[in-house]
**Q** 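Structure incoming, see below.
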Amino acid sequence: MKIATWNINGVKARIDNLLHWLEESSPDIACLQEIKSVDELFPREPIEALGYHVETHGQKGFNGVALLSKMRFDEVNRGLPGDDGDEQARFIEGVFSTDRGALRVVSLYLPNGNPVDSEKFPYKLGWMERLEKWSVERLKLEEPLVLAGDYNVIPEPEDAKNPDAWVGDALFRPESRQAFRRLGALGFTDALRAVNQDDGIYTFWDYQAGAWQKNNGIRIDHLMLSPEAADHLGSVTVEKHTRGWEKPSDHVPVVLDLKLRSA
DNA sequence: ATGCCCGTCTAAGACGGA
């Protein structure tokens, strides 16, 4: 079973690329971020025509996440608990039936957090604390759980072409990296790092300053696996070639193969 | 040192992104 995460940076601008990628890569579940669309205007019809069920959690103009699945949704939950005043659409959870029981998959879009001297940085760190609290409860279920998305965290210097350039940035601040490591301490496995320890694996290249041409990238899109999901870990692939397409997203898909089957 | 580029909303430029 293939589970993919991709920050598409606007579903309206990216619909042709998205449809082409769905046909080419054919994930069973796709976790999308930055759909930048309200639910009513999400282009669900051409995606459904490819055999996907579509669940969105959008808002006007920016943010927004979605789950596309070839399997029927048993349950959908929108929004990260822990702050009733949080209006930003950054979290959606789907529950599916597999041959090994329930599978939970989250599409998350963690706040950027810049500039760090603004309210945006404490919002990011607070969001990560809420994610931890939510995860502690979910881990008690002892089910396969995949937290997939744009974490806006560079975990280690090896995850950036020029780590020195990111010192002080919210994506690389010690507090952000520590919060990411705490997910590991809770028992989550960074799927990509479990199968590949190479330097130079990136998932984002800025549109500016020829970052793509210079391979000046960072790895910030991650699939975090509960122990019960990690038990079924197969391959993990970064679909870098999509960054070279016409009208690309600045992020590329990361695809996980889990050795599970739909029920 | 700063901005570079891009998408959205909405009608020329602000805002958000990383």
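Bear in mind the structure is a predicted one, so any value in this text is a computation, not a measurement. Proteins get letters first, then strands, A, B, ... in listed order; numbering begins at 1 in each.
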**Q** Does any residue of residues 109-132 of chain A have a heavy atom under 4.0 Å from DNA chain B, and if so, which ones, in number order?
**A**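 Close to the strand are A:Y109, A:N112, A:K120.
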**Q** So if I take residues 8-18 of chain A and measure heavy-atom distances to DNA chain B, which residues fall below 4.0 Å?
**A**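 Those residues are A:N9, A:G10, A:K12, A:A13, A:R14.
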**Q** Yes or no on side-chain contact (heavy atoms from CB on, under 4.5 Å) for A:S135 and A:L147, after CA distance, side-chain angles and deciding distance?
**A** CA-CA 9 Å; A:S135 298; A:L147 301 183; 3.7 Å; yes
**Q** Taking the C1' atom of each, how far is B:dT2 from B:dA18, in whole Å?
**A**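 The answer is 16 Å between these two C1' atoms.
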**Q** Check whether the side chains of A:D206 and A:N216 place a donor and an acceptor atom closer than 3.5 Å, and report yes or no.
**A**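 Distance-only check fails for A:D206 and A:N216.
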**Q** When you compare the side chain of A:E228 with that of A:E142, does any pair of heavy atoms fall below 4.5 Å?
**A**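 A:E142 reaches A:E228 side chain to side chain.
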**Q** Whole angstrom is fine here: how far is it from NZ in A:K214 over to C1' in B:dA18?
**A**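 These atoms are roughly 15 Å apart.
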**Q** Quick one: A:D150 CG to B:dG7 P, roughly how many Å, whole number?
**A**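 So the CG-P distance, A:D150 to B:dG7, works out to 16 Å.
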**Q** Kindly determine whether A:L18 and A:L32 satisfy side-chain contact (heavy atoms from CB on, under 4.5 Å), including the steps that lead there.
**A** CA-CA 10 Å; A:L18 175 61; A:L32 306 180; 4.0 Å; yes
**Q** Is any side-chain heavy atom of A:S176 closer than 4.5 Å to a side-chain heavy atom of A:Y151?
**A**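 No, too far: nothing below the 4.5 Å cut-off.
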**Q** State whether A:N63 places a side-chain N or O below 4.0 Å from either non-bridging phosphate oxygen (OP1 or OP2) of B:dT8.
**A**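 Answer is no, no contact under 4.0 Å.
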**Q** Under 4.5 Å between any side-chain heavy atoms of A:V255 and A:W6, yes or no?
**A**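 When only atoms from C-beta onward are counted, A:W6 and A:V255 do not touch, as no gap falls below 4.5 Å.
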**Q** In terms of side-chain heavy atoms of A:K60, which of B:dG16, B:dT10, B:dC5 is nearest?
**A**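 For A:K60, the side-chain atoms sit closest to B:dT10.
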**Q** Report the residue (A:V38 or A:F62) whose heavy-atom-nearest nucleotide on DNA chain B is the more 5′ of the two.
**A**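 The residue closer to the strand's 5' end, by nearest nucleotide, is A:V38.
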**Q** Using 30° and 60° as the class boundaries, would you call the ring planes of A:W205 and A:W212 parallel, tilted or perpendicular?
**A**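 Rings of A:W205 and A:W212: perpendicular, over 60°.
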**Q** Side-chain N or O of A:H251 versus OP1/OP2 of B:dA18: is the shortest distance under 4.0 Å?
**A**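 For A:H251, the contact criterion (side-chain N or O under 4.0 Å from OP1 or OP2 of B:dA18) is met.
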**Q** Measure CZ/A:F204 against P/B:dC5 and give the value in whole Å, please.
**A**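 That distance rounds to 14 Å.
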**Q** Nearest to the A:K247 side chain among B:dA18, B:dG17, B:dG7, which nucleotide is it?
**A**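 Looking only at heavy atoms from C-beta outward on A:K247, the closest nucleotide is B:dG7.
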**Q** Nearest-nucleotide wise, let me know which of A:N7 and A:A209 is further upstream toward the 5' end of DNA chain B.
**A**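 Its nucleotide being nearer the 5' end, the pick is A:A209.
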**Q** To the nearest Å, how far apart are A:F42 CZ and B:dT8 C1'?
**A**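 Distance check: A:F42 CZ to B:dT8 C1' gives 16 Å.
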**Q** Anything under 30° is parallel, anything over 60° is perpendicular, the rest tilted; go ahead and classify A:W245 against A:H20.
**A**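 A:W245 vs A:H20 ring planes: perpendicular.
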**Q** Pick the C1' atom in B:dG13 and in B:dA1, then give their distance to the nearest Å.
**A**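 Approximately 24 Å lies between the C1' atom of B:dG13 and that of B:dA1.
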